[in-house]
Amino acid sequence: METGLRGKTVLITGASQGMGRATAEAFAAEGARLAMCARNQKTLEAAQAEIGSRHKTEVMVEAVDVTDADKLRRFVGAAAEHFGGIDVAVANAGGPPGTRFENTDTEDFERALRLNLMSTVHLAQEVAPHMKERRWGRFIALTSVAVKQPLAGLILSNTARAGVVGFVKTMATEMAPFGVLCNVVAPGYMRTGRVEELAVERARNEEREPDEVMAEIGGRIPAGRMGEPEELAALVAFLASARASYITGATIQVDGGFVQGLL
């Protein structure tokens, strides 16, 4: 299938590992050029070398904490100058820690909003002018199935990520006349370091083994297993492609059937 992504410039945040890294691989396999950022420069450089060598494409990396709006702005500007613009942007960031309402204070909520909601807003503000100028673009935010089915013990993620959906849905309406499509991808339980950390924390609280918790989670998914980051990345690449020319304002979960609601 021809995706039309060859030669496009794709900017991905949180791209050094997990779903962000898998997404970068998916775009590189289609011949796209990459601008990748994350907090760890060493991990980024390793990803740069491996992806660039494997797919014979240009990869630019820079250590950026997405909660720092100034650094994010400078990174987008540097990438746009280096590649001559930005065609696709993927907003991705790790989730906030697991907490419950009773032991979560205002500062916790503010940090979660900066990490997941405001980082998405800031990225959109920086890349949108480049896309509008070309009258073509794709903005995709990675969130969580929590936006469709809130998860117990994750009140911070449930709150902040729901805001991302409202923002991207509104942005999709305003940007559509300029040929810019905006969507949300909501991963379920994917086999990533983040899910493993949450399993370890839960196991410790419940005096169980992490493997037992992981197996229990997999057993609650109709597909009978957790997903792999590459399975999510395939959808992200499709949504950015020329083939997805009539999909905007959507929130699509990749969860093996975990969400049971109708919407």
Quiz item: If you measure only the distance, is there a donor-acceptor pair under 3.5 Å linking the side chains of S241 and T3?
Solution: no

Quiz prompt | Euclidean distance, M190 CE relative to L142 CG, rounded to 0.5 Å | solution = 10.0 Å

Self-check item: Electrostatic pair R202-E216, nearest N-O below 4.0 angstrom
Solution: yes

Self-check item: Nearest non-hydrogen partners of V168 and A141, listed with the distance
Solution: CG2-CB, 4.0 Å

Using distance only, find each side-chain donor-acceptor pair of residues 72-84 under 3.5 Å and give its atom names and separation, not counting sequence neighbours.
{"residue": "R73", "atom": "NH1", "partner": "D70", "partner atom": "OD1", "Å": "2.9"}
{"residue": "R73", "atom": "NH2", "partner": "D70", "partner atom": "OD1", "Å": "3.4"}
{"residue": "H82", "atom": "NE2", "partner": "E58", "partner atom": "OE2", "Å": "2.5"}

Exercise. Give a yes or no on whether a salt bridge exists between R21 and E50, defined as a side-chain N under 4.0 angstrom from a carboxylate O.
Key: yes

Quiz prompt | R138 bridged to D87 by N-O distance under 4.0 Å | solution = no

Self-check item: Residue pair P96 / N116: nearest heavy atoms and the distance that separates them
Solution: CD-OD1, 3.0 Å

Quiz item: Which pair of non-hydrogen atoms, one from A38 and one from L44, has the smallest distance, and what is that distance?
Solution: N-CD1, 3.4 Å

Quiz item: Are any of the side-chain nitrogens in R111 or E107 under 4.0 Å away from the carboxylate oxygens of its partner?
Solution: no

Quiz prompt | S144 and R161 side chains, donor-acceptor separation under 3.5 Å | solution = no

Quiz prompt | Pair K71 + E126: basic N to acidic O under 4.0 Å | solution = no

Exercise. Applying side chain to side chain contact (heavy atoms under 4.5 Å, CB included) between M19 and each of V90, I12, L232, report the one that passes.
Key: L232

Quiz prompt | Side chain T248, main chain C182, donor-acceptor under 3.5 Å | solution = yes

Quiz item: Taking a hydrophobic cluster as the set of Ile, Leu, Val, Met, Phe, Trp and Tyr residues connected by side-chain heavy atoms closer than 4.5 Å, whether directly or through intermediates, do V259 and V165 fall within one such cluster?
Solution: no

Practice problem: State which residues pass ring-ring contact (aromatic ring centres under 6.0 Å, His included) with F167; sequence neighbours excluded, sorted by chain then number. | Solution: none

Practice problem: Determine whether L151 and F258 make a side-chain contact, defined as any pair of heavy atoms from C-beta on separated by less than 4.5 Å. | Solution: yes

